[in-house]
K.L.:
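Can you read through this structure? Questions will come right after.
One-based numbering, in listed order, for ligands and for the atoms of each.
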Amino acid sequence: MTAPHPSAPARAARAAGSVRTVRKAVVPAAGLGTRFLPATKATPKEMLPVVDKPAIQYVVEEAAAAGLDDVLMVTGRHKRAIEDHFDHAAELEQTLAAKGDTVRLDAVRDPSRLASIHHIRQGDPLGLGHAVLCARRHVGDQPFAVLLGDDLIDPRESLLGRMLEVRDRRLGSVVALLEVPPERIHLYGCAAVEPTGEEDVVRVTGLVEKPSRQDAPSRYAVIGRYVLDPAVFGVLERTPPGRGGEIQLTDALQELAAGGTVHGVVFRGLRYDTGDKADYLRTVVRLACERPDLGPEFVAWLRDFVAGLGGTTPLRRNSAA
Ligand code: UTP
């Protein structure tokens with residue numbers, strides 16, 4: 001565990017006297033990552049680099065930017081890599097400090113400064129619902145956020161902040177919804193919704209995990225951001241394994257939704273599923289193109305590369321040379 005460092009937004013909120021009711025974030029990262037094998041055989045998928053940072057660092061940065069200064073990682077196999085990344089690296093830091101390389105020194109120190117980071121092991125990966133239940137003792141009787149460790153929201157978006165604000169006003173739990181094409185809804189949890197009068201906020205009346213296109217109650221897919229009422233723990237405790245033999249968070253939320261306490265924030269921004277190979281590639285290319293230090297040269301190379309694709313054979317010469 002690293003020492004507490006309240007994030008800048010959390011400090012600013014406190015200084016302004018507006019303390020949020022939600023302070024803790026839970027980041028489940030204990031899944032097997034089978035879609036990304038063999039890369040994930042010995043490395044958690046959350047640690048795969050997106051340009052030059054592991055995916056999970058973007059997620060913790062997002063939590064910190066929303067003012068959440070206490071982050072619990074739920075990990076399983078390969079715990080060390082995630083723990084080490086958010087801890088101090090004394091030898092590396094000393095070497096960089098001795099060289100006066102302050103840019104890299106900051107890059108090495110940044111992850112441990114983002115928040116007070118804690119870790120817990122899930123043991124067996126019994127499902128996302130079970131991973132969330134593992135956080136019960138740490139979270140206590142307060143609402144909390146859940147951010148999936150392989151699900152990236154573009155850093156320029158303010159989805160989590162909006163969800164926290166909706167929870168503060170409407171209480172209960174809040175899920176993030178993304179409208180997807182009907183042929184992709186079977187990949188997600190899907191929400192039945194009613195309008196609330198607020199353009200981007202809906203009341204969730206039902207939830208179903210990975211429905212067929214015919215059975216889907218809407219095109220609204222549940223994506224990897226949640227603000228949950230602690231009541232979810234009591235429900236999860238008695239939720240039996242559902243789809244895929246896993247304890248599904250969606251099933252517990254379905255019970256809360258039936259009681260009228262779940263809202264959805266409709267997200268229309270950029271979101272990347274780095275646990276999916278094709279989406280991972282798109283994410284890396286897009287974020288690399290947008291980086292001021294890498295973008296201009298990379299975009300020029302990419303244009304050349306794509307122009308050379310023409311038929312089916314990729315360009316073979318090294319156009320950067
Ligand atoms: P996914 O279904 O995307 O993760 O779970 P997975 O099972 O690792 O992926 P594939 O399908 O085999 O490739 C969503 C999130 O929930 C976490 C995962 O780490 C991921 O962040 N999770 C899932 C857990 O923490 N524990 C579990 O038992 C299952």
Side-chain angles (χ1 to χ4, degrees), residues 24-48 50 54-63 71-83 85-86 117-139 144-153 160 175-178 180 184-190 207-211 221-226 228 232-233 236-237 239-253 271-281 283:
K24 292 184 180 174
V26 174
V27 180
L32 295 178
T34 55
R35 283 171 296 159
F36 228 122
L37 284 168
T40 47
K41 183 180 173 192
T43 306
K45 64 176 169 179
E46 293 81 3
M47 286 300 292
L48 294 177
V50 176
I56 198 168
Q57 185 173 336
Y58 291 85
V59 172
V60 176
E61 285 172 355
E62 182 190 338
V71 176
L72 176 71
M73 312 266 181
V74 183
T75 58
R77 298 179 311 137
H78 328 310
K79 172 186 170 154
R80 277 284 303 274
I82 295 178
E83 236 182 42
H85 185 72
F86 290 96
I117 311 251
H118 309 261
H119 302 270
I120 190 168
R121 275 224 187 208
Q122 185 182 7
D124 293 324
L126 301 179
L128 176 58
H130 181 258
V132 171
L133 188 55
C134 291
R136 184 177 201 166
R137 181 179 291 209
H138 182 86
V139 165
F144 62 104
V146 173
L147 295 86
L148 300 193
D150 58 344
D151 210 337
L152 264 55
I153 300 295
L160 187 57
V175 297
L177 300 175
L178 183 74
V180 300
R184 289 189 62 80
I185 197 71
H186 69 281
L187 300 169
Y188 299 88
C190 176
L207 284 157
V208 45
E209 181 64 21
K210 298 191 171 73
V222 178
I223 56 169
R225 297 294 178 272
Y226 309 79
L228 299 178
V232 76
F233 291 128
L236 279 171
E237 233 173 15
T239 298
R243 212 189 150 86
E246 297 191 346
I247 297 173
Q248 298 286 355
L249 180 59
T250 308
D251 292 344
L253 287 173
R271 171 251 177 192
Y272 317 99
D273 176 5
T274 62
D276 174 82
K277 283 182 202 174
D279 216 13
Y280 172 83
L281 293 174
T283 309

K.L.:
If we check side chain to side chain contact (heavy atoms under 4.5 Å, CB included) with Ile223, which of these qualifies: Leu177, Ile153, Val180?
P.N.:
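Exactly one candidate clears the test, Ile153.
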K.L.:
In terms of ring plane angle, is the pair His118 and His138 parallel, tilted or perpendicular, where the classes change at 30° and 60°?
P.N.:
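Geometry flag for His138 against His118: tilted rings.
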K.L.:
Tell me, please, which residues at least two apart from Glu61 pass side chain to side chain donor-acceptor pair (under 3.5 Å).
P.N.:
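Glu61 satisfies side chain to side chain donor-acceptor pair (under 3.5 Å) with Lys53, Gln57 once adjacent residues are dropped.
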K.L.:
Determine, for Asp273 against Arg35, whether the closest basic-nitrogen to carboxylate-oxygen distance falls under 4.0 angstrom.
P.N.:
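Salt bridge present between Asp273 and Arg35.
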K.L.:
In the structure I gave you, are the side-chain heavy atoms of Thr75 and Pro44 within less than 4.5 Å of one another anywhere?
P.N.:
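Sidechains of Pro44 and Thr75: no contact.
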K.L.:
Please say which of Val60, Val26, Val59, Ile120 ends up in a side chain to side chain contact (heavy atoms under 4.5 Å, CB included) with Met73.
P.N.:
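The residue from Val60, Val26, Val59, Ile120 that satisfies side chain to side chain contact (heavy atoms under 4.5 Å, CB included) with Met73 turns out to be Val60.
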K.L.:
Can you tell me which residues line ligand 1 if we count any heavy atom under 4.0 angstrom from one of its atoms, in chain and number order?
P.N.:
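Those residues closer than 4.0 Å to ligand 1 by some heavy atom are Pro28, Ala29, Ala30, Gly31, Leu32, Gly33, Thr34, Arg35, Lys45, Glu46, Gln122, Pro125, Leu126, Gly127, Leu128, Ala131, Leu148, Gly149, Asp150.
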